[in-house]
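For reference, the structure is listed below as structure tokens.
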Amino acid sequence: MSWLRVHLRADCGQAENVSDALEQCGALAVTLEDAGDQPLFAGPGTEEPRLWAHTCLSALLPEDMEPSRFVAEVAALLGLDAPPAWESDSLPDQDWERAWMDRFTAMRFGINLWVSPSWLEPPPAPAVVVTLDPGLAFGTGTHATTALCLEWLAAGTRAQMDVLDFGCGSGILAIAALKLGARSAWAVDIDGGALSVTRENAQRNAVLDRIRIADPGSLPPDIDADIVVANILADPLVELAPRLRGLTRAGGILLLSGMLSGQVREIEQHYARYFDIEARVRDGWAMLVCRKFPRDC
Ligand SMILES: C[S@@+](CC[C@H](N)C(=O)[O-])C[C@H]1O[C@@H](n2cnc3c(N)ncnc32)[C@H](O)[C@@H]1O
């Protein structure tokens with residue numbers, strides 16, 4: 001099996017945003033290289049090397065993904081009028097797996113939660129460790145939108161809580177909540193591949209007996225979760241507002257992630273009537289911590 005790579009260019013000031021958008025739209029990995037044979041330059045007054053003036057970004061995608069659709073989604077997320085120029089090629093399986101294994105290390109979220117790949121020695125107890133390898137579903141903790149959710153869960157998850165992960169990807173958020181002591185979790189996604197990966201990851205982390213994995217249409221209507229987390233893009237967060245509100249118990253928490261910081265105002269408007277909302281921002285991405293009012297008015 002081989003993989004697809006999509007290459008496009010960005011100016012130095014945009015490269016990080018573009019890289020984030022590539023990941024958010026489904027890239028399994030993004031690499032950045034100089035597009036013009038320039039040395040790395042440091043900006044005035046900075047000690048750290050910065051990105052090149054023109055950067056070539058390469059996004060690794062599953063072989064069956066449609067590259068033109070992918071680029072169009074990235075352009076829409078970045079608010080561009082038209083998709084940027086791009087090229088694609090294919091990459092043999094072994095090469096990217098090796099590259100990932102070399103780059104992927106254990107990461108800590110909050111005080112005690114770790115996400116660690118299976119080929120590394122896990123951090124010692126009392127660390128709470130989610131064992132997760134990069135795979136075909138989004139969610140390893142490297143992206144700011146996932147990291148913001150993991151940090152909140154590390155501090156806010158309590159025993160006896162029931163959790164719902166809406167748009168579970170790899171299952172990272174549901175599995176983390178369970179390992180942090182939650183009583184049960186639902187993990188749902190519109191992508192059947194994500195549901196399979198979530199099942200594998202739940203088994204590897206010994207939480208399969210406490211997680212239910214399903215497509216969103218199979219969720220029982222009477223779910224009343226203590227924590228609902230939805231790390232999806234801005235448009236689905238708006239469309240799903242009535243449903244996500246209904247799935248969160250009165251007084252419970254809804255974490256909304258996957259939006260750019262510039263989209264916070266718009267999304268807040270769809271939730272503010274029912275929730276007390278606080279925004280947390282990282283690397284241009286935002287998460288909303290929404291506490292549902294005690295009575296669903
Ligand atoms: C950005 S990934 C997040 C994965 C993981 N929860 C995390 O935080 O890293 C978004 C996931 O939401 C799923 N998704 C997108 N729209 C959805 C919808 N309307 N209902 C359920 N899942 C959806 C996608 O298939 C994808 O797996």
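Since this is a predicted model, take the numbers as computed values, not measurements. Counting from 1, the numbers follow the sequence of the chain as shown. When a ligand or atom number is given, it counts from 1 through the structure's own listing order.
Checked by distance only, ligand 1 and Gly167 come closer than 3.5 Å through their nitrogen or oxygen atoms. The distance criterion of under 3.5 Å between nitrogen or oxygen atoms is not met by Ser170 with respect to ligand 1. Distances between N or O atoms of Asn231 and those of ligand 1 include at least one value under 3.5 Å.
Taking every heavy atom of both residues into account, Leu57 and Ala15 meet most closely at CD2-O, 3.5 Å.
Near Asp191, the atoms of ligand 1 lying under 4.0 angstrom from a non-hydrogen atom of the residue are 25 (O). Close contacts of ligand 1 with Gly169, meaning ligand atoms under 4.0 Å from a residue heavy atom, involve 4 (C), 27 (O). Listed by number with element, the atoms of ligand 1 under 4.0 Å from a non-hydrogen atom of Leu173 are 6 (N), 8 (O). Listed by number with element, the atoms of ligand 1 under 4.0 angstrom from any heavy atom of Thr146 are 7 (C), 8 (O), 9 (O). The contact set between ligand 1 and Cys168, taken as ligand atoms under 4.0 Å from a residue heavy atom, comprises 4 (C), 5 (C), 6 (N).
Side-chain contact check for Ser68 versus Val71: every heavy-atom pair is 4.5 Å or farther apart.
Side-chain atoms of Lys292 come within 3.5 Å of backbone atoms of Thr248 as a donor-acceptor pair (strictly under, hydrogens ignored).
Nearest-heavy-atom check against atom 18 (C) of ligand 1 across Ile190, Val197, Leu148 picks out Ile190.
Screening Arg210, Arg212, Arg183 against Asp162 for a salt bridge (charged side-chain N to carboxylate O under 4.0 Å, His left out) leaves a single residue, Arg183.
By the ring-ring contact (aromatic ring centres under 6.0 Å, His included) test, Trp186 pairs with no residue at all, sequence neighbours left out.
Ion pairing between Glu151 and Arg282 holds under the 4.0 Å rule for side-chain N and carboxylate O.
Trp119 and Val129 fall into different hydrophobic clusters, where Ile, Leu, Val, Met, Phe, Trp and Tyr are joined by side-chain heavy atoms under 4.5 Å apart, directly or via other members.
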